[in-house]
Amino acid sequence: METYEFKKFTKTSGTFGAWRQVSKTINFAVLFGATAPTLANQLENAGYTEKEALEYIRILGKEAELEALVKSKRMGPKPMPRNKVVFLEAANLMLEAYYKAYPGVKLRSEREIKNAWEKGYSRCWGGPVRHLAELRYLKRNSKGEILGADRKLFSSMVSNRQNQAGNSPIQCMEAYVAMSTIEETCKYVDEWGLKSYLWNMVHDSEDWVVYKPEAYLITSLIDACSTWHRQPEFNVFMKMDFSFADLSHGRQNNLYHAGPENPWKAMPIEDAVSRWNEEHKNVLGFVPIKWHGCRNN
C-alpha cells in the first residue's frame with residue numbers, strides 16, 4: 001500500500017498564494033467591469049508572469065491571434081512592447097471566457113450603466129443612491145457614443161462614471177452584509193459581557209482584539225452572524241476565514257494575515273454557547289448566555 005503526504009495549503013502558501021492573488025485580480029476586475037488593458041496591467045502587477053500568459057494563450061490555441069495583435073500594436077506613433085501585448089491578449093481571452101461562462105455578470109454591468117445614463121444615478125440594494133448626473137448632460141449619437149467636444153474633454157470622466165455605476169451596487173451590497181454582521185456581533189458581545197472587541201474593519205474583513213479564553217466563542221459568533229441568511233441571498237452563502245496574530249511574540253511582518261494559519265475552524269454557535277455555559281456554571285453571579293439568531297434585514 002502506498003502512502004501519500006498531503007501538504008496543508010493556506011492563503012499565503014507558495015504557489016497557492018500566487019494563484020489566489022491572480023484569481024482575485026481577475027475576479028474583481030471582471031466584476032467591476034474592467035477593460036482588457038486595465039486587466040492586463042492588474043495581472044502584471046499581481047505577479048502573473050509573461051511565461052504564464054503565453055502558456056494560457058498556447059493552451060487555448062490562440063498563438064496566431066497573439067501574433068496578429070503584436071503586429072497591429074507595432075503600428076502607430078506609440079508601438080506597444082511585445083510583452084505588454086502578451087498580457088493584453090491573455091486579458092482579452094480571460095474576459096471572453098469569463099463572460100461566456102457567466103453572461104449575467106456582463107449583463108448586470110451593462111444594465112447598471114444604461115440606467116445611469118437614463119436617470120443620472122445608480123441605486124443600491126436597500127435604497128442608497130450614487131449620483132452620476134454628469135452623464136445626463138453629454139451629447140451622444142444613436143449608438144450611445146459621445147460626440148464632439150464632450151468626447152474630447154470628458155471621455156476619461158465618462159469611463160470613471162460608468163465604472164462607478166457598475167461598481168456601486170456591488171460595493172453597497174457588500175457593505176450591507178458586512179455592517180449587518182458587525183452590528184449583530186457587537187450586540188452579542190455586549191449582551192454576553194465579553195472582553196474581546198472589534199477595533200477595525202476593511203470591506204468584508206474584521207480585525208478583533210480577542211481575549212484568549214473567548215477565542216472559540218468569538219469566532220463561532222462571528223461565523224454565525226456573517227453566515228446568517230440575509231436578503232438578498234440568491235442561495236449564495238458566506239463563510240468566514242480566521243487568522244490569528246499573537247503580538248506578544250514581537251513584531252511580525254504581515255499582521256493582517258500573520259500568526260498561525262490553522263486554518264481555524266469555528267464550531268457551531270450552539271456548541272460554543274453550550275461549552276461557555278458549562279465552563280462558567282460555577283462562577284459566582286454567572287448568567288448563562290443565549291443564542292437567539294440574527295435579524296433577516
Side-chain angles (χ1 to χ4, degrees), residues 24-46 48 50 53 57 62 64-125 127-175 203:
K24 285 180 67 176
T25 298
I26 298 170
N27 182 66
F28 285 114
V30 175
L31 195 61
F32 292 137
T35 61
T38 298
L39 177 56
N41 288 331
Q42 292 179 352
L43 285 169
E44 189 172 6
N45 292 335
Y48 193 64
E50 182 182 357
I57 294 169
K62 299 294 184 178
E65 286 82 347
L66 170 61
E67 295 307 320
L69 187 60
V70 169
K71 184 177 180 180
S72 68
K73 292 298 181 180
R74 286 176 180 166
M75 310 298 290
K78 294 183 178 180
M80 183 180 289
R82 181 181 175 85
N83 68 312
K84 297 293 184 181
V85 180
V86 170
F87 283 108
L88 178 61
E89 177 63 8
N92 278 322
L93 294 172
M94 288 176 183
L95 290 176
E96 181 182 320
Y98 200 112
Y99 289 138
K100 183 177 181 180
Y102 305 103
V105 174
K106 188 173 185 179
L107 291 174
R108 183 210 62 80
S109 182
E110 291 173 345
R111 180 194 67 213
E112 299 292 353
I113 292 172
K114 180 181 178 181
N115 179 77
W117 276 107
E118 292 176 352
K119 300 179 179 178
Y121 64 82
S122 180
R123 184 176 294 280
C124 306
W125 175 263
V129 167
R130 178 69 174 267
H131 292 284
L132 304 161
E134 300 94 329
L135 296 180
R136 300 195 66 189
Y137 297 98
L138 297 172
K139 295 180 181 179
R140 296 194 299 161
N141 60 23
S142 59
K143 297 181 180 179
E145 299 168 336
I146 311 170
L147 299 174
D150 284 352
R151 180 180 181 85
K152 183 176 181 179
L153 296 173
F154 302 119
S155 291
S156 178
M157 182 203 71
V158 168
S159 178
N160 181 261
R161 295 297 182 270
Q162 289 188 151
N163 283 339
Q164 290 173 343
N167 296 354
S168 295
I170 301 173
Q171 294 166 334
C172 286
M173 177 75 74
E174 179 184 75
H203 299 303

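- Salt bridge annotation for Glu44-Lys84: present, with a cationic side-chain nitrogen under 4.0 angstrom from a carboxylate oxygen.
- A donor-acceptor contact shorter than 3.5 Å links the side chain of Asn92 to the backbone of Leu88.
- Closest of all the heavy-atom pairs between Asp150 and Tyr137 is OD2-O, 4.1 Å.
- The main-chain N or O of Lys152 is never found under 3.5 Å from a side-chain atom of Ser155 such that the two would form a donor-acceptor pair.
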Going by atom type alone, with no hydrogens or angles, which donor-acceptor pairs under 3.5 Å involve a side-chain atom of residues 25-36 and a protein atom two or more places apart or on another chain?
{"residue": "Thr25", "atom": "OG1", "partner": "Gln21", "partner atom": "O", "Å": "2.9"}
{"residue": "Asn27", "atom": "OD1", "partner": "Tyr98", "partner atom": "OH", "Å": "3.0"}
{"residue": "Thr35", "atom": "OG1", "partner": "Thr38", "partner atom": "OG1", "Å": "3.1"}

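- Applying the side chain to side chain donor-acceptor pair (under 3.5 Å) rule to Gln42 yields no partners; only residues at least two apart in sequence or on another chain are considered.
- A side-chain donor-acceptor contact under 3.5 Å links Arg130 and Ser168.
- At distances below 3.5 Å, at least one donor-acceptor pair connects side-chain atoms of Asn167 with backbone N or O atoms of Asn163.
- In terms of the side chain to side chain donor-acceptor pair (under 3.5 Å) criterion, residue partners of Gln164 (sequence neighbours excluded) are, by chain and number, Asn160.
- Comment: Arg82 engages Glu67 in a salt bridge, judged by a side-chain N to carboxylate O separation of less than 4.0 angstrom.
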Checklist line | Arg161 vs Glu134, salt bridge (charged side-chain N to carboxylate O under 4.0 Å, His left out): CA-CA, chis, key distance, verdict | finding: CA-CA 8 Å; Arg161 295 297 182 270; Glu134 300 94 329; 3.1 Å; yes
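- Arg108 places a side-chain N or O within donor-acceptor distance of the main-chain N or O of Gly166, the cut-off being under 3.5 Å.
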